[in-house]
Amino acid sequence: MSSGQRDAGVSNPAHVAIIMDGNGRWAQMRGLPRQEGHRRGLDALRRTVRNASDLGIQVLTLYSFSTENWRRPYAEVSFLMGLLKHFVEKDLAELSAANVRVRIIGSRDDLAADLRRLVEHAETSTRANTGLVLVIAFNYGSRDEIMRATRRLAADAVAGRIDPAAIDEAAIARQLDTHDLPDPELVIRTSGETRISNFLLWQAAYAEFIFAPVMWPDFDRAAFEDALAQYRQRDRRFGGLSAPSDRSVGVA
Ligand code: FPP
């Protein structure tokens with residue numbers, strides 16, 4: 001089978017996850033404050049949500065604030081908190097009218113009560129929508145998520161609600177923040193950095209990774225389509241074998 005034949009039937013991923021990196025450098029390159037980079041990053045986020053819907057993506061996960069981002073100066077942390085609040089308050093009606101379902105993943109414990117209420121409202125008020133699922137990873141860290149899941153399983157085991165021997169991959173996945181979402185097939189990171197930075201470590205076990213040089217505020221339709229085109233060229237084997245020609249050399 002030629003690679004052309006193999007690519008012919010490959011469709012877009014159902015779930016795309018993005019590490020939106022480079023806001024600060026985008027601003028710095030223009031002599032602007034970092035906050036302006038984040039503001040323009042929010043414009044890029046809005047554009048990407050529209051493009052994802054348009055391109056038939058079913059789930060879009062965006063890494064908006066990591067558990068490590070608390071180490072940034074207080075002013076930047078509170079600006080990012082304010083940006084999430086502003087986004088939900090200003091865009092929720094429009095998102096809902098576009099049939100978008102909003103999900104927020106990450107720990108809510110450290111969020112201010114008003115922000116917590118707002119994200120809960122965003123989720124409940126869009127629960128019945130059937131279009132794009134927009135997942136905002138906020139105060140999210142994969143190790144933190146796995147730790148919280150492990151604590152719940154351990155508590156269930158101690159209470160006798162679950163037999164430790166019955167804890168399999170599905171039981172762990174059910175405890176993750178993403179329990180109701182499919183795994184991402186594609187993870188994009190902008191800004192040219194080539195790290196995963198504690199993002200969806202469990203869920204991205206078999207994802208394809210694309211590291212795009214563009215800074216996040218400049219991520220546009222062309223950059224999105226380019227990443228999807230690269231994805232469609234990839235040969236996904238999930239540890240198995242694909243093309244018959246691969247078998248003779250035992251490619252895993
Ligand atoms: C990484 O760029 C980006 C972030 C830590 C925040 C991402 C936020 C947005 C895209 C704006 C929308 C926000 C919300 C909350 C909805 P960086 O600041 O680390 O860039 P740098 O590596 O160039 O400094």
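Read the numbers this way: they start at 1 and go in the same order the structure lists the ligands and their atoms.
Heavy-atom distances between F65 and ligand 1 stay at or above 4.0 Å for every pair. Distances shorter than 4.0 angstrom do not occur between any heavy atom of S191 and any atom of ligand 1. F138 counts as a contact of ligand 1, since one of its heavy atoms falls under 4.0 Å from the ligand.
Under the salt bridge (Lys or Arg N to Asp or Glu O under 4.0 Å) rule, E123 has a single partner from R116, R108, R117, which is R108.
Note: an N/O pair closer than 3.5 Å links D21 and ligand 1 by distance alone.
Of the protein's heavy atoms, R34 NH1, 3.0 Å lies nearest to atom 24 (O) of ligand 1. The protein non-hydrogen atom at the shortest distance from atom 6 (C) of ligand 1 is S64 O, 3.4 Å. Nearest protein heavy-atom neighbour of atom 13 (C) of ligand 1: L83 CD2, 4.0 Å.
Shown in contact with G24 at under 4.0 Å from a heavy atom are these atoms of ligand 1, numbered in order with element: 17 (P), 18 (O), 20 (O), 21 (P), 23 (O), 24 (O). Shown in contact with L84 at under 4.0 Å from a heavy atom are these atoms of ligand 1, numbered in order with element: 15 (C). Listed by atom number, the atoms of ligand 1 under 4.0 Å from M20 heavy atoms are 1 (C), 2 (O), 3 (C), 10 (C). Taking every non-hydrogen atom of H38 and a distance limit under 4.0 Å, the qualifying atoms of ligand 1 come out as 11 (C), 18 (O). Heavy-atom proximity to W216, at under 4.0 Å, picks out these atoms of ligand 1: 10 (C).
A donor-acceptor contact closer than 3.5 angstrom links the side chains of Q203 and E145. Between the side chains of W70 and N139, a donor-acceptor pair is found at a separation under 3.5 Å. Side-chain N/O atoms of R221 and N51 include a donor and acceptor closer than 3.5 Å. Judged purely by distance below 3.5 Å, without hydrogens or angles, the side chains of T130 and N99 pair a donor atom with an acceptor atom. Side-chain contact check for T178 and R103: no donor-acceptor pair (N or O, by modelled atom type) lies under 3.5 Å.
A distance of 5.5 Å separates OG in S142 from CG in N198, rounded to the nearest 0.5 Å.
Separation of the F219 and F224 ring centroids falls under the 6.0 Å cut-off.
Comparing E193, R25, R72, M29 by heavy-atom distance to atom 17 (P) of ligand 1, the nearest is R72. Counting heavy atoms only, N23 comes closest to atom 10 (C) of ligand 1 of the residues L45, T48, V77, N23.
Looking at N69 against ligand 1, only its side chain comes within 4.0 Å, counting heavy atoms.
Looking at every heavy atom in both residues, P217 comes nearest to R47 through O-NH2, 2.9 Å.
Checking side-chain atoms of E193 against main-chain N and O of D21 turns up no donor-acceptor pair under 3.5 Å.
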